[in-house]
Amino acid sequence: MTRALFDPLTLRGLEIRNRIWIPPMCQYAVDAQDGVPTDWHLMHLGSLARGGAGLVTVEATGVSPEGRISPEDLGLWNDEQAQAFRRLTAMIHSQGAAAAIQLAHAGRKASTWRAWGDHPEGNVPAERGGWQPVGPSPRAYDGLAVAPS
Ligand SMILES: Cc1cc2nc3c(=O)[nH]c(=O)nc-3n(C[C@H](O)[C@H](O)[C@H](O)COP(=O)(O)O)c2cc1C
């Protein structure tokens with residue numbers, strides 16, 4: 001049986017209205033560097049849901065502070081963040097889409113600069129919100145600091 005792009009798909013008890021799924025896309029938009037979703041995320045993800053996607057995936061979200069790729073990444077390790085995520089999820093659902101999230105730990109590729117603006121090479125220093133990356137081995141990612149496990 002041929003499946004078309006706009007056919008629904010059921011995964012266990014979840015019916016997804018079509019096969020247009022939005023991948024996770026880092027926004028580097030948490031200016032407060034606290035991992036808490038902002039109005040930007042509400043607008044960005046909400047508009048994708050409103051546009052008709054079946055499923056909207058929230059960007060790579062750090063499960064711990066040192067697991068973020070950049071200081072401006074989303075995080076999900078405290079109650080304040082969880083509350084703000086509720087608002088995002090409600091918005092996505094209200095527009096008929098399913099909500100997904102990419103939970104992530106950046107390992108040795110953590111504490112890097114967001115994707116725009118002038119900045120030096122290497123990791124973000126502590127005074128700009130950076131931290132010591134933590135990885136599975138002491139092998140550095142190209143151009144970045146060694147991340148002790
Ligand atoms: C602005 C932007 C941010 C992205 N952020 C993530 C991310 O948070 N996690 C991830 O796994 N991939 C990320 N990606 C990769 C996309 O998921 C990927 O481009 C998408 O799945 C489409 O695949 P393709 O580029 O091979 O066509 C990002 C891509 C873009 C353009």
Side-chain angles (χ1 to χ4, degrees), residues 3-12 14-124 128-137 139-145 147 149:
R3 301 280 182 199
L5 186 61
F6 291 101
D7 283 348
L9 173 72
T10 301
L11 296 175
R12 297 188 179 164
L14 177 68
E15 183 175 293
I16 302 175
R17 63 183 166 183
N18 60 46
R19 285 102 194 288
I20 300 171
W21 292 12
I22 305 297
M25 287 182 282
C26 280
Q27 299 297 297
Y28 307 106
V30 185
D31 289 337
Q33 301 189 338
D34 59 4
V36 178
T38 67
D39 287 352
W40 172 267
H41 301 93
L42 191 71
M43 180 281 302
H44 172 66
L45 299 165
S47 65
L48 290 165
R50 181 65 185 155
L55 180 138
V56 176
T57 310
V58 177
E59 70 189 64
T61 297
V63 294
S64 63
E66 70 280 2
R68 292 168 296 165
I69 302 166
S70 82
E72 291 80 18
D73 283 11
L74 288 178
L76 190 46
W77 65 81
N78 66 35
D79 291 345
E80 184 189 2
Q81 295 157 348
Q83 276 306 120
F85 269 100
R86 276 181 199 279
R87 195 165 165 242
L88 280 189
T89 310
M91 176 63 179
I92 293 169
H93 288 167
S94 76
Q95 300 308 309
I101 189 169
Q102 182 182 41
L103 295 175
H105 191 293
R108 64 190 185 141
K109 206 181 168 186
S111 191
T112 61
W113 297 94
R114 63 176 160 193
W116 63 83
D118 289 336
H119 54 74
E121 298 291 313
N123 292 97
V124 178
R128 298 284 298 276
W131 58 89
Q132 168 65 57
V134 178
S137 80
R139 294 182 63 182
Y141 188 88
D142 284 351
L144 299 179
S149 49

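Both counts, for ligands and for their atoms, begin at 1 and track the order of listing.
- Rounded to the nearest 0.5 angstrom, Leu42 CG and Ile92 CD1 are separated by 8.5 Å.
- Counting atoms of ligand 1 from 1 in the listed order, those under 4.0 Å from a heavy atom of Ala60 are 8 (O).
- Considering all non-hydrogen atoms of both residues, Trp131 and Arg68 come closest at CZ2-O, 3.0 Å.
- Ring geometry for Trp116 against Tyr28 counts as perpendicular: the plane angle is over 60°, on a 0 to 90° scale with 30° as the lower cut.
- By the definition of a contact as any protein heavy atom under 4.0 Å away, atom 18 (C) of ligand 1 is not in contact.
- Residue Ile69 comes nearest to Cys26 through the heavy atom pair CD1-SG, 3.9 Å, listed as atom of the first residue, atom of the second, then distance.
- Contact detail for Ser70 and Arg114: the closest heavy-atom pair is CB-N, 4.1 Å.
- With sequence neighbours excluded, no residue satisfies ring pair (Phe, Tyr, Trp, His ring centres under 6.0 Å) with His93.
- For Arg17, the CZ atom is densely surrounded, since the number of other residues' heavy atoms within 6.0 Å is greater than 12.
- There is a protein heavy atom closer than 4.0 angstrom to atom 11 (O) of ligand 1.
- Atom-to-atom distance recorded for Leu144:CG and Arg108:CZ is 9.0 Å, nearest 0.5 angstrom.
- Checking atom 26 (O) of ligand 1 against the protein gives no heavy-atom contact under 4.0 Å.
- Looking at Ala115, Cys26, Pro23, it is Cys26 that brings a heavy atom closest to atom 1 (C) of ligand 1.
- In the vicinity of Pro24, heavy-atom distances shorter than 4.0 Å reach the ligand 1 atoms 4 (C), 5 (N), 6 (C), 7 (C), 8 (O), 9 (N), 10 (C), 11 (O), 12 (N), 13 (C), 14 (N), 16 (C), 17 (O), 28 (C).
- Checking atom 14 (N) of ligand 1 against the protein gives a heavy-atom contact under 4.0 Å.
- Proximity of atom 21 (O) of ligand 1 to the protein is indicated by at least one non-hydrogen atom lying closer than 4.0 angstrom.
- Contact annotation for atom 4 (C) of ligand 1: protein present (non-hydrogen atoms, distance under 4.0 Å).
- At a heavy-atom cutoff of 4.0 Å, ligand 1 is contacted by the side chain of Gln102 but not by its backbone.
- Atom 30 (C) of ligand 1 has as its closest protein heavy atom Met25 CG, 4.0 Å.
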